[in-house]
2 protein chains.
Amino acid sequence: MTKPQPTRPLSIGELGRRTGTKVETIRYYERIGLIAAPARSAGNYRAYGSEHLARLSFVRRSRDLGFSLDQVRALLDLADQRDRPCGAVDAIAKQHLEEVERKIADLEALRRELDAMVAQCHQGTVAECRIIEALSPHPEA
Amino acid sequence: MTKPQPTRPLSIGELGRRTGTKVETIRYYERIGLIAAPARSAGNYRAYGSEHLARLSFVRRSRDLGFSLDQVRALLDLADQRDRPCGAVDAIAKQHLEEVERKIADLEALRRELDAMVAQCHQGTVAECRIIEALSPHPEA
DNA sequence: TATGCACCCTGTAGCAGCTACAGGGTCAAG
DNA sequence: CTTGACCCTGTAGCTGCTACAGGGTGCATA
């Protein structure tokens, strides 16, 4: 049922198309050591196999979920230690979740302030503008 | 009641302390033309007046509210045109508000995904880890 | 066979918005 | 007269790409 024969090599463009990653980004990931350098063809073209496809897909998905490149690197490492407990994985994910929650809270505070500012603008002149006023310093000394 | 005599000049360090801005950041703002270059003392030290203090406070407050440097530049320009209608100010603020709302929505979608991922982790080995699994590609072909 | 075109290669510079040096000068206190 | 805190300029680094420039490769078509 499964097909054990190796997939034939993908060009960098193909790999990019299949993972939704720009070619330059793939080369960048290789340069910073996030994904392994693949074999080269006779003409010095990068030749990727299915393991690269899986790897890059993992990276893409992690990036889409907002993990930093360092976190992705750590997750990739952990994903390879299949017989170790997954507490470290959980820790990274939880830490990221907390960051995301912090950011949401910050942005919501921001939204409230901006909302209030915008609501007060009566479309007069700049001199009377509540937005400019809200941004201007009101020295308490 | 008001004190019309000019405040004596502030050093860049003082200005930084009063506005909560790092010295390097102030110099950076000057370099990119966001705030005007001040007069210099005999020893070539920057000497800031109250107008710089007000200006930088405005910048800080705008930055805290998440406006980009380009937006801050535009807001500063507009703040000077006191007799013009403030529609343009309103437009910048509204545009920013929309951006913030988009970001919140994006982050909330993210949080839901991360939440679901983290909730499924049963603290087994990496091989069984639902987080790793969620990140791994599941080829449909 | 030539040639055109899409693709690939390396290397470098740019984006935002700072931050952090290095390597010096200035100034007031003790 | 030295110490230490401050200031100066200039440049390089950070994240995570993106966009060239200036070439080489590979395949189809006239």
Side-chain angles (χ1 to χ4, degrees), chain A residues 8-35 37-49 52 55-56 58-76 92 95-96 99-100 103 106 110, chain B residues 8-35 37-48 52 56 58-76 92 95-96 99-100 103 106 110:
Chain A
R8 56 154 112 210
L10 278 65
S11 71
I12 194 169
E14 256 307 296
L15 183 65
R17 243 164 278 132
R18 298 216 193 167
T19 57
T21 314
K22 298 212 166 138
V23 165
E24 285 100 331
T25 305
I26 300 176
R27 284 197 282 247
Y28 170 71
Y29 286 164
E30 180 183 321
R31 206 164 56 243
I32 64 168
L34 193 64
I35 56 173
R40 295 294 180 115
S41 75
N44 200 30
Y45 283 19
R46 286 172 180 82
Y48 294 98
H52 290 100
R55 211 80 172 158
L56 184 54
F58 186 101
V59 170
R60 283 292 338 204
R61 174 106 182 95
S62 306
R63 293 290 300 137
D64 284 349
L65 287 171
F67 288 97
S68 73
L69 290 182
D70 268 1
Q71 288 174 322
V72 175
R73 217 187 296 266
L75 288 171
L76 280 172
I92 293 175
Q95 190 200 326
H96 181 45
E99 262 166 52
V100 167
K103 272 188 199 165
D106 287 356
L110 214 63
Chain B
R8 55 156 113 207
L10 279 66
S11 71
I12 195 168
E14 258 305 299
L15 183 64
R17 245 164 276 129
R18 298 215 194 168
T19 58
T21 314
K22 297 210 167 139
V23 165
E24 285 100 331
T25 305
I26 301 177
R27 285 197 282 248
Y28 169 71
Y29 285 165
E30 180 183 322
R31 207 163 57 243
I32 63 167
L34 192 64
I35 56 174
R40 295 294 180 115
S41 76
N44 199 31
Y45 283 20
R46 285 172 181 82
Y48 294 98
H52 291 100
L56 184 54
F58 186 100
V59 170
R60 284 292 338 205
R61 175 104 182 95
S62 306
R63 292 290 300 138
D64 284 349
L65 288 171
F67 287 97
S68 73
L69 290 182
D70 269 0
Q71 288 175 321
V72 174
R73 218 186 295 266
L75 287 172
L76 280 172
I92 293 174
Q95 189 201 325
H96 182 45
E99 262 166 54
V100 168
K103 272 188 200 165
D106 287 355
L110 214 63

Rounded to whole Å, how long is the line connecting atom [atom1] of [X] with atom [atom2] of [N]?
X: A/Q71; N: D/dT15; atom1: CD; atom2: P; value: 13 Å
X: A/R46; N: D/dT25; atom1: CZ; atom2: C1'; value: 14 Å
X: B/E14; N: D/dA5; atom1: CD; atom2: P; value: 17 Å
X: A/L34; N: D/dT15; atom1: CG; atom2: C1'; value: 13 Å
X: B/R17; N: D/dA5; atom1: CZ; atom2: C1'; value: 10 Å
X: B/I32; N: C/dG17; atom1: CD1; atom2: C1'; value: 8 Å

Between A/D70 and B/A47, who's closer to the 5' end of DNA chain D by nearest nucleotide? B/A47
Got a donor-acceptor contact below 3.5 angstrom from the A/H52 side chain to the A/L15 backbone?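 Not a single qualifying donor-acceptor pair exists.
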Check A/D106 with A/K103, please: is the shortest side-chain N to carboxylate O separation under 4.0 Å?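 No, this pair does not count.
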Regarding B/R61 and B/D64, does a basic nitrogen lie under 4.0 Å from an acidic carboxylate oxygen? no
Hey, are the side chains of [X] and [Y] touching, using non-hydrogen atoms and a 4.5 Å cut-off?
X: B/Y48; Y: B/I26; value: yes
X: B/V23; Y: B/R27; value: yes
X: B/L69; Y: B/Y28; value: yes

From D/dC6, C/dT10, C/dC8, nucleotide with atom closest to A/V23 side chain: C/dC8
Closest listed nucleotide, where the reference is the side chain of B/S68 and the choices are C/dG17, C/dC9, D/dC7: C/dG17
Does B/I12 reach a base, just sugar-phosphate, or nothing at all? Heavy atoms under 4.0 Å.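 It contacts sugar-phosphate atoms only.
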Using a 4.0 Å cut-off on protein heavy atoms (strictly under), produce a 5'-to-3' string for nucleotides 18-30 of chain C with B for base contact, S for backbone-only sugar-phosphate contact, and - for none. BBB----BBS---
